[in-house]
Every structure is written in C-alpha cells, then in structure tokens.
Amino acid sequence: MTSISPLPSPTVTPADQWAQKTFQTLKFGGVAGGRDHRLRPSSLSGATTDELCRLLRSLPDPSPPSSYNALIKAFALSGAHLDALRAYTLMRARSVPPDPFTLPAVLRSAAALPSLATALEAHGLAVKSGLDAHLPLCTALVGAYCSCGHPDFARRVFDRTDGRDAISYNTMIAGHVKCGDFELARDLFDRMRVRNVSSWNTILDMYCKIGDLRAARRLFDEMPERNIVSWNAMISGHAKAGDFVFARELFDLMPERNVVSWNAVIGSYFHCGFFSETLDLFRMMQASDIKPNEVTVVAVLPACAHLGALDLGQWVHAYIQKQRIKMDLYVTAALVDMYGRCGNLEDARKVFYHAVKRDAFLCSTMIEVFAMHGRSQEAFQVFDFMRSKGIWPNAVTFKGLLRVCAHGGLVEFGLKYFNMMREQFKLMPKVEHFGCMVDLLGRAGHLEEAHDLILGMPMEPPPMVWASLLSACKIHGNVKLAEEVAFHLIELEPQSCANYVMLANIYSKANRWEDAAKMRRMMKEKGAVKKLGCSSIEVSNGVHEFFAGDQHHPHCRQIYQMLDHMAIRLKRKGYVPCTSSVLHDVDSNGREQVLLHHSEKLALAYGLITTEKGTTIRIFKNLRVCNDCHQFLKLASQHYDRQVIVRDCNRFHHFVGGSCSCSDYW
DNA sequence: ATAGGGTTAG
C-alpha cells in the first residue's frame, strides 16, 4: 500500500466539519504513555454515554493507547460515534501513538457517521506509523471509504493489500453493494476463492434489496451452507416485495429463529398493512423464548397507531420501560406517533419532552402530531426549538409545518415556511408540500392561486392534489372551477366515487338538482362504488367496528333506539339535519335516517351506552367526517357532557362543550 | 489478563 494522494471531500457532513476543525490543530509525533490507571473494556461495559464522557475528561495524561481504545470502543457500542472520535482526537492531541487496535475502531465510527475526513486522516496516520500492512486495518479502511460513498478509494486500498482473506473480500463486496455497484460486487464474489457463509449472504441480500427474488432464490438453493442470516435475508426480501405469505412460510420453515427473524416477519405483516396480524405475531413472539427489542416495538407501535389501539400501545410503552428496551430515537418517535395517532396528545407531548435526545426525525414526528391535532402554536414552537438547537429540518419537517398551516387556515405562515424551505434550507418541495399548499390556499378561498400552483408544479400533479382543489371549490361554491377540476379527476380515476359525489354535492348546494342526478347516473355507468364509511371505537371489551347503516352489531337495537332519542334531544338544541348532501333517491324523512346512521354516529351511540359518564370517547373513521356528523358531535359533546375525540382520514377533532378543536375548518 | 475487520430486522 502506498501513501494517499490528496482527495477532495465531495459532501461535507457536520461530522466532517467537526473532525476537520479539530484535526487541523493536531501535531504529529509519538510519546509512550504511562502504565497506571489503564481502562479496560470490561470495566466500561454498561456505562452510559455521560459516564464515558466524564471518564474521557478525567483520563490522566499520559495514559496508554489501550485506555483510549477502550473508550473509543465503548462510545461506539452505545452509538456515540462523535464522542468516539473525540476520544481519538484527545489521543492525537496528546501525541499518543496508535496501536494496531486503535485505527480499526476509529474507522468503524468514521464509517457509522460517516466522516470522510476522519477516514482520510486515519489512513494518513496508518501510513505514517507503518501500520498500513495490517489486514484488519486495511479492511476497516475499505469499509469506512465505502460508507463515505467512495468505493473507488476503497478499491484502491483493497487492490494493494496483501494476503486478503474472506473478511476483506466480504467488506469490499458489501461496500460495492452499499454504493450501488452491483456488477462489481458480483464480479468480486465470483473471483474470490474461499467464500464463507457471509460472502454468500452479502450477495443474497444484494439480490433481495434490488428486488431480484428469482436470483435470490437461485442463490439460496445453491449455497453450500446456510445460517440464520441467510434465512432472515430471504424473509426480509420477500417482505419488501409484499409477499408476506412466502415470508411467513420461510419463517415457519427455518431451523432456528432469532430476534431478527421475528422482527423481519413482524415487519412484513406491518408493511403489507395487516395490522392486527402484526399484533398477533407480537403476542406469539412473547410466548416464544426470544425477547423483543427496539426494532420489534418500532414495528408494533405503528400497528397500534393504525388500529387506534391505545390500550395495547400503552401496554407496549410499559413493556419498554419494564424490559429496559432502549428508548432510542426510533422508539421515541414511534411512541410519539402512536400516542398522537391514538388521540392521546398529552402522552405524545410527554414522551417528546422527556426524550434525552432529539433529532430532525423525532421533531418532525412531533410537529406532524401537533398538525394532526390542529395545534399550530405548539408545532411552531417545536420548529423554533429545532432552530435554536441547530437541528437541521428536513422535507418531512416542512410537510408537518405546512399541514399545520393548512389545518389552521394560516396562509401567511404557510407561505413563509414554503419559501423558507426552498430559500433558506435548499429543500425542493415535493408533491406532498404542493398538496398542503393547494389545500391551504384553496380552503382560505384563494382558488385561482391554488389552481395556478397546481399548473406550475414541476411534477405531474397526482389526483390527491386536484381533489383538494375540488373540495375547496365546494366550500367556496365555485361551480365553474369545480366542474373543470372534477371532470379532469374523473378522467384520471373513473372508478373513484369520491369525485362524482363531490361534484353532485356541489350541484345540489347550488340547487342544480338535474346536474346532481346526472352525476349519480354517471357514477353508476362507470361502475364506481361508494366507499362505505367505517368507524371503530375501543371500549373495555375490545374494538367495535361500525359501517354506515350497519345492522350486524349484537346491540344493534339499543344503538338505533339511542340514536333516535339523541336526534330528538339534539334537534331541540338546534341540530338541523343537513339532508342536501344525501345522494340517495329518497324522501326527506329517509334522508334524515341515512344521515343518522352514519358510522361515526353509530359508534358514538354505542360509546355513550357502554362507557361510564365522564369517560372520553375515541372514534376512528376511515373517511372524512361529514358536515352533519360534525354538527351532531358538537351538540352531543355538550348535551351529554362528554369529550369525544374523532380521528378521520386526515386529522383529529376534539369535541368538548359544544365546539370542536378544528374550529369548523377541516 | 486484553484489545481487530464482513452478512440479516426499523
């Protein structure tokens, strides 16, 4: 191996900036350390990052390289790679010579961050210290360069290394895979002489990741030896392709399973949208002898969130605390998301404010939750917090901010954040950002601006975006634009009933009954089927589902009786059924019945019958809440003195004392 | 005494 030539850094990461600044101040040279007070890896196991930082600060000078090595390794083990590099910097500042174990450990942290500057510096030091023939060090360099997106540097090191073994080959192959050079990876694999299981697994995983499951299957069949990792790679490959049935077959077939196998198969159910099955499998896992870990709960919590299973979600939270599952950023964000989506804003907030560490991902989750609940001020506060702590916002952060603006009708703020993301943070707005802006402008009555924004989008506007404009036309009674948009939408997706219904409602509102009837006929001709409203409610004996007009519930009679009583009482309080939005060809009495049997009203009646006075009622709906139900729920919350929380397909409504948290803007 | 590099799940 020869000395390195100067190489430009293509992208400077924050870790790089820090590393470059500190390395500039370093002097090269070597003084042997003393022999007292040396740290051992065993004495550092179980130490928290804070304790390790204190140890580093109080590390006597001189100390032997082994003490620094132990700290670097311990930091890396707890995921504190920047601190690992800090320990290394101190070592260099004190001119402690690295031993053969120092640089591989440093390079692992450089790969994890990643920090190209550190990799380059370590490489230079290796050459200077004559350690550059050390095989583990060369392998670590290859890994670090690949993680930094420089397979070319890695390949140069690899090609000049003598006595390469299976591990160095595997590192280079995995590096090529990581960088997307699949042919180079396969070529190297074909050329290596002594392959082990890991070599096969790397290539197997490559085919799984690029979705070539036939090649993966072929490889899996011809492998001379298989281990758990091979099976797990196959499971996750099929899970990603949506074939959860085969993923499950593999899982049942494999000779032994570990926590990764369970997580892969649980994740496959989650990704395919089978949320109750996800939870079933989690229960099976607990009956097995494999202990769930962080990754497990990160698959289970979103499943609870989707189902609105707050009870189980709370149980998982308690389980995390009891079983000492690490509250890393993923777990914290999953908890915030679960509480938020289950309508428990207080606990979502609590988890976020108690988090020991917050990054852009976690903050964006919190903003998204506040957006769902229409808490614009708190969402903006999180954003201000991010900026004060130097947490760089990403596209998801701005999506949440724009949603919060759209839900609150805050046009000025929306425009501010939309411009800020482009100008200040150099983030290109994606489809979802345009969607929020169209929603925001449209609802606020700026229909022309919203329309212009769609026409000026750099990508093909998806039906969703047109649909928000259409719904804005409905709110503001712009029949002319509505017709244009609706017919465009019907052309795009003739099977979707929502577009016909929306335009028919707009016609009815403008007293154009014949046109409304025409839309109904057109809907039938094109074979579009109305999506049935469905609401669920969790009471003490489980989750109950109601469809619009549902007659299947065992307590059906009491529920409908209750609804009739409610209608009489609430009418005295000012409830006026909004019959103009009913499409069915029935008389006005029948229309009232149709409205009264909307799924969220059924769920509400059931909740009132079965739960104690004072209990909050939580309802989850698959569609948007209609105007009539919204009015009904407001009056019911007052008359029955109950807090009712409804999650519809895009946000939360907190009904209390006769008003709704959305301020009738949704 | 004692320290190293590669593969699978979010």
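Values below: all heavy atoms of this structure, side chains included; hydrogens, waters and symmetry mates excluded. Predicted model, so just to flag it, every value in this text is computed and none were measured. Letters go in sequence order (proteins before strands), and every chain restarts at 1.
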Looking at the side chain of [X], which of [options] is the nearest nucleotide?
X: A:Ser66; options: B:dG5, B:dA3, B:dA9; result: B:dA3
X: A:Ser168; options: B:dA9, B:dG10, B:dG5; result: B:dG5
X: A:Val260; options: B:dA3, B:dT7, B:dT8; result: B:dT8
X: A:Arg108; options: B:dG10, B:dG6, B:dG5; result: B:dG5
X: A:Asn69; options: B:dG5, B:dT7, B:dA3; result: B:dA3
X: A:Ser199; options: B:dG10, B:dG5, B:dG6; result: B:dG6
X: A:Ala140; options: B:dT7, B:dG5, B:dA3; result: B:dG5

Could you check how far [atom1] of [X] sits from [atom2] of [N], rounded to whole Å?
X: A:Ile167; N: B:dG5; atom1: CD1; atom2: C1'; result: 6 Å
X: A:Ile203; N: B:dT8; atom1: CD1; atom2: P; result: 12 Å
X: A:Ile173; N: B:dG6; atom1: CD1; atom2: P; result: 14 Å
X: A:Phe75; N: B:dA3; atom1: CZ; atom2: C1'; result: 17 Å
X: A:Phe158; N: B:dG6; atom1: CZ; atom2: P; result: 14 Å
X: A:Tyr68; N: B:dT2; atom1: OH; atom2: P; result: 23 Å
X: A:His176; N: B:dG6; atom1: NE2; atom2: C1'; result: 14 Å
X: A:Asp328; N: B:dG10; atom1: CG; atom2: C1'; result: 9 Å

Table please: side-chain donor-acceptor pairs of residues 395-402 of chain A below 3.5 Å, with sequence neighbours left out.
unit_1   : atom_1 : unit_2   : atom_2 : d
A:Thr397 : OG1    : A:Ser364 : OG     : 2.8
A:Thr397 : OG1    : A:Asn394 : N      : 3.0
A:Thr397 : OG1    : A:Asn394 : O      : 3.3
A:Thr397 : OG1    : A:Asn394 : OD1    : 2.9

Confirm from the modelled atom types if [X] and [N] form a donor-acceptor pair under 3.5 Å, side chain to base only.
X: A:Asn201; N: B:dG6; value: no
X: A:Asn293; N: B:dG10; value: no
X: A:Asp165; N: B:dG5; value: yes
X: A:Thr171; N: B:dG6; value: no

Donor on one side chain, acceptor on other, A:Tyr68 and A:Arg94, under 3.5 Å =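 Distance-only check passes for A:Tyr68 and A:Arg94.
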Do you see a donor-acceptor pair shorter than 3.5 Å between the side chains of A:Asn201 and A:Asn232?
->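 Distance-only check fails for A:Asn201 and A:Asn232.
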For residues 165-186 of chain A, which residue pairs qualify under ring pair (Phe, Tyr, Trp, His ring centres under 6.0 Å), counting only residues two or more places apart or in two chains?
->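 Listed by first then second residue: A:Phe158-A:Tyr169.
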What pairs meet the ring pair (Phe, Tyr, Trp, His ring centres under 6.0 Å) rule with one or both residues in residues 312-337 of chain A, with sequence neighbours excluded?
->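 Listed once each, the pairs are A:Trp315-A:Tyr319, A:His317-A:Tyr339.
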B:dA9 OP1/OP2 closer than 4.0 Å to side-chain N/O of A:Lys240 |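 Indeed, a polar side-chain atom of A:Lys240 lies that close.
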Check DNA chain B against residues 331-342 of chain A and give the residues with a non-hydrogen atom under 4.0 Å, in numerical order.
->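 Nothing qualifies; none.
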Taking only heavy atoms on the protein side, list every residue of residues 208-236 of chain A lying under 4.0 Å from any atom of DNA chain B, sorted numerically.
->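 DNA chain B contact set from residues 208-236 of chain A: A:Lys209, A:Val229, A:Asn232, A:Ser236.
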Got a salt bridge between A:Glu432 and A:Arg403, using NZ or NE/NH1/NH2 to carboxylate O under 4.0 Å?
->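 Salt bridge: no.
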Note: A:Arg283-A:Asp280 ion pair, threshold 4.0 Å (strictly below) =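 Yes, A:Arg283 and A:Asp280 are salt-bridged.
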Give A:Asn196 one of three labels, base, sugar-phosphate or nothing, depending on what nucleic acid heavy atoms sit under 4.0 Å from its own.
->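 Counting heavy atoms under 4.0 Å across all strands, the contact made by A:Asn196 includes a base.
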NA contact type, A:Leu107, heavy-atom cut-off 4.0 Å: base, sugar-phosphate, or nothing?
->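 No contact.
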Has the side chain of A:Thr89 got a donor or acceptor atom that lies under 3.5 Å from a matching backbone atom of A:Leu85?
->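 Present.
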Determine all donor-acceptor pairs shorter than 3.5 Å in which one atom belongs to a side chain in residues 77-84 of chain A; sequence neighbours excluded.
unit_1  : atom_1 : unit_2   : atom_2 : d
A:Ser78 : OG     : A:Ala74  : O      : 3.4
A:Ser78 : OG     : A:Phe75  : O      : 3.1
A:His81 : ND1    : A:Ser109 : OG     : 3.0
A:Asp83 : OD1    : A:Arg86  : NH1    : 2.9

Check whether any side-chain heavy atom of A:His123 sits under 4.5 Å from a side-chain heavy atom of A:Val127, and report yes or no.
->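 When only atoms from C-beta onward are counted, A:Val127 and A:His123 do touch, with a gap below 4.5 Å.
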A:Phe274 and A:Phe244 aromatic ring geometry - parallel, tilted or perpendicular at 30°/60° bounds =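 Plane angle between 30° and 60°, so tilted.
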